[in-house]
Amino acid sequence: MLLLRLALLGVLPWTPFSPALAQPATAGGWTQPPMHLHPDTRAVPIGGHLEYLVDPDGTLTLADVVSGEASHRFQPLRGNLNRGFTLTDTWVRMRVTRQEGADDTWYLELQPSFLDKVESYVALTPADAGPPPVAAYDRTVQGDSEPTANRMVRFRSFTQPLAFDGAGQAWIYVHIHTTSATILSGQVYRLIPLMNHISLQSIWLGFVLGMALAVLISNLIHSYWLLERIYFIYALYVVTLIGLGLGSMGALAQLLPGPAPELANLITGTSVCGGILIGAILTEEFLNLRRTLPLVSLLNRIPIVLGGLGVIATLAGHYTIAGATLATVTSAYMLIYIGSGILLARRGHPGALMYSLAFGSACMAALMGFLRTLGVIPEISVTEAVAQSASLVHMILMNVAIASRVRLSEKERKEAQAAALSASVHAEQRALDMVALRTRELSAAKESLEQALAAERQAVREQIQFIDMVSHEYRTPVSIIRTGIDILQIKGADGLADGPKGHDLLKRMARAVDRLVEIIEVGLRRETDRSPGLDLETRPLRLDGVVAEAIRSLRASHPDQEVRVEGRVPDRVLGDPALLKTSILNLLENAAKYGPPDQPIRVAMEQTATRSTVRVIDAGAGVVPADRERIFGKFVRLSSAERIPGIGVGLYLVRRIAELHDGRAYYDDTCTDGCCLVLEIANAPGGGR
């Protein structure tokens, strides 16, 4: 079937045969007689009235072919134009005369539908006038790769109106540019016969595509219902046939006029190459070649690989080269497949005869396509109708063949099930023994898992005990310091040796103690196995203010540390002020501990429509890439920080707080001059200043 389609598309590399006639030249070098439109004429074929000129470089213009030297190189044709597969452009010209009393408006239909670009130039003159000048011609551009809106009639062929407006003669030039077969035929219609022709063609094409769609749905249903893979494979093959019908037969221009120019070549190419791939898989599965004909099965790998490569080449825009190569391979394999089916049918293989008949009908239609490509059969509509009819016959025969094969497979399956049931009785005792063995193994595994779980619980208890110990060890000295400070404040600054400086010292001590209490309350809040998260008390707040408070708290423990603030966050964010302050202060203290003491800490703030970001940057050595994610883990201490006090919960707490605020904390890899840690949280709904 794909061989048929490829022949009709004209991608097979045959040398065309386009016989020319020797006719005496008339004025302007015209040799073919004009078409005559009589009052009783309904339609006139253009075959026998055509002259053609090959444009190898595609550089000839209308002026060249109308009045230049090229105008004398046109050759007459016996019938329609058929140059076969060629990448060179072609010019065709013809004349149409209208007798007195005939309709004033006629319609020139040109086909086939797969021509990429068809430029029509029409000039009207009195009946006895000579060839008109170049300026008298009107240009119309249509084609498979051109916008469908350019077509006068949204139909699969290309229609050019001939409005004589009292004139007696039409001079017509057609420039053809295509990457498939260069073939041209057509007729000049009156309006009513044209509408009848379009209606009949549309009905027939719709019937063919509708039958293909019904076959597709039927095979998909059977694939799901019977769980038979062969139905699904053939359904995919029918999809490629539908794609060919849409792309190569012009149906896409009627169904999807907007995207049709962009999709036509893509759908056609992927359908051809994908059909070769799926057709080879279908043959492999249907005829069971691996078991019945191992050598053919081995050779069948070639079209499978080439089909897949052809799909890739088509998607990359190289279908023309891939299509010609695949067509040659497919033509040989079609004969191999049909011969294999006949051979297996003689051996009694179910459905093999129907398979051969199904693809044999396609081959007969393909032969007509070859003859048309060679120029023996110039009529395009006949070969297309035969191809579409062959598609219907193919699908009917293949469904019968698949049903026969599935019926036999079902019989073999039932026999296999009976044999399996008999074998299962003998294997039952062995299965019971294996179950007993597995039970013992599972019991041993259960004991091992319980021991591992007990060890894990012990580790969790030890971790909680460690947290409780840290909490207790912090609270006791802090409480003592807090009481001493209160007593000193009651006695007043006069009792201190430094006077006002003592007040400042007391304030700094108070802030430091408050910070220690805050760290304990926030950092250890609900961190037990029964309370998996921190308590969150959110409200709209200014992130600038939280950053300022964190910086003031930092100066209580690092009075000489310089902090530079860059940027601002004008809109409010939604968050817990205590937790946010803790997270920012942890970042500042981390920078103060690990950065150079004589270098400032940079705090960069920025805000987008939905997120606010605080970056804390120090001038230290940074963190190696392998450890940039680890530093946010609980109780994680890098080897480079062993001499610096800490227990490894600061950055872990920063990330936990960020996640509670629908944000994140991370190491900025783009920073190359130090360590940059980022806190990102969501803005408050509605913003606000």
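This chain uses plain numbering: 1 for the first residue, then up along the sequence.
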Could you list the residues that satisfy side chain to side chain contact (heavy atoms under 4.5 Å, CB included) with [X], not counting sequence neighbours?
{"X": "E285", "result": "R229, I230, I233, R405"}
{"X": "L220", "result": "L216, F232, A235"}
{"X": "A548", "result": "R552"}
{"X": "R628", "result": "V623, P625, Y667, D669"}

I617/C675 under side-chain contact (heavy atoms from CB on, under 4.5 Å): CA gap, chis, key distance, verdict: CA-CA 6 Å; I617 309 167; C675 175; over 6 Å; no
From CA spacing to verdict: side-chain contact (heavy atoms from CB on, under 4.5 Å), R602, E566: CA-CA 7 Å; R602 293 169 50 210; E566 304 171 0; 3.0 Å; yes
Stepwise side-chain contact (heavy atoms from CB on, under 4.5 Å) test for L315 and V311: CA-CA 6 Å; L315 296 177; V311 172; 4.3 Å; yes
Which residues satisfy the side-chain hydrogen bond (donor to acceptor under 3.5 Å, both in side chains) test with [X], sequence neighbours excluded?
{"X": "R615", "value": "E606, D668"}
{"X": "S612", "value": "Q607, N683"}
{"X": "R291", "value": "none"}
{"X": "R430", "value": "none"}

ring-ring contact (aromatic ring centres under 6.0 Å, His included) partners of Y231, counting only residues at least two apart: H222
Side chain proximity check, N590 to N586, heavy atoms < 4.5 angstrom: no
Side chain proximity check, V616 to C676, heavy atoms < 4.5 angstrom: no
S223 versus E228, side-chain donor and acceptor atoms under 3.5 Å: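 The answer is no; no qualifying pair exists.
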Residues K581 and S553: side-chain donor-acceptor under 3.5 angstrom: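 A pair is found: one side chain offers a donor N or O, the other an acceptor, under 3.5 Å apart.
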Presence of salt bridge, R539 and E537, under 4.0 angstrom: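 So E537 does not pair with R539 through a salt bridge.
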Test: E284 and R301 ion pair at under 4.0 Å: yes
Worked check of side-chain contact (heavy atoms from CB on, under 4.5 Å) between V654 and I584: CA-CA 8 Å; V654 171; I584 296 172; over 6 Å; no
Partners passing salt bridge (Lys or Arg N to Asp or Glu O under 4.0 Å) against D662 (at least two apart in sequence or in another chain): R611
Residues which pass salt bridge (Lys or Arg N to Asp or Glu O under 4.0 Å) with R290, listed by chain and number, not counting sequence neighbours: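 Once residues adjacent in sequence are excluded, R290 has no partner under the salt bridge (Lys or Arg N to Asp or Glu O under 4.0 Å) criterion.
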Work out which heavy atom in [X] is nearest to a heavy atom in [Y]; give both atom names and the distance.
{"X": "I631", "Y": "L651", "value": "O-CB, 3.4 Å"}
{"X": "L554", "Y": "A592", "value": "CD1-CB, 4.3 Å"}
{"X": "A591", "Y": "I601", "value": "CB-CD1, 3.8 Å"}

Look at the side chain of [X] and the backbone N and O of [Y], then say whether any donor-acceptor pair between them is shorter than 3.5 Å.
{"X": "H661", "Y": "D576", "answer": "yes"}
{"X": "D544", "Y": "V569", "answer": "yes"}
{"X": "D116", "Y": "H177", "answer": "no"}

CD1-CG distance between I304 and L309, expressed to the nearest 0.5 angstrom: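 One gets 12.0 Å once the value is rounded to the nearest 0.5 Å.
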Let me have the donor-acceptor pairs involving side chains of residues 433-441, under 3.5 Å, with sequence neighbours excluded, atom names and distances please.
from, atom 1, to, atom 2, distance (Å)
D433, OD1, Q429, NE2, 3.4
R438, NH1, E441, OE1, 2.9
T439, OG1, V435, O, 2.7

CA sep, side-chain torsions, deciding dist, call: E562, R564, salt bridge (charged side-chain N to carboxylate O under 4.0 Å, His left out): CA-CA 7 Å; E562 181 182 358; R564 295 179 184 175; 3.2 Å; yes
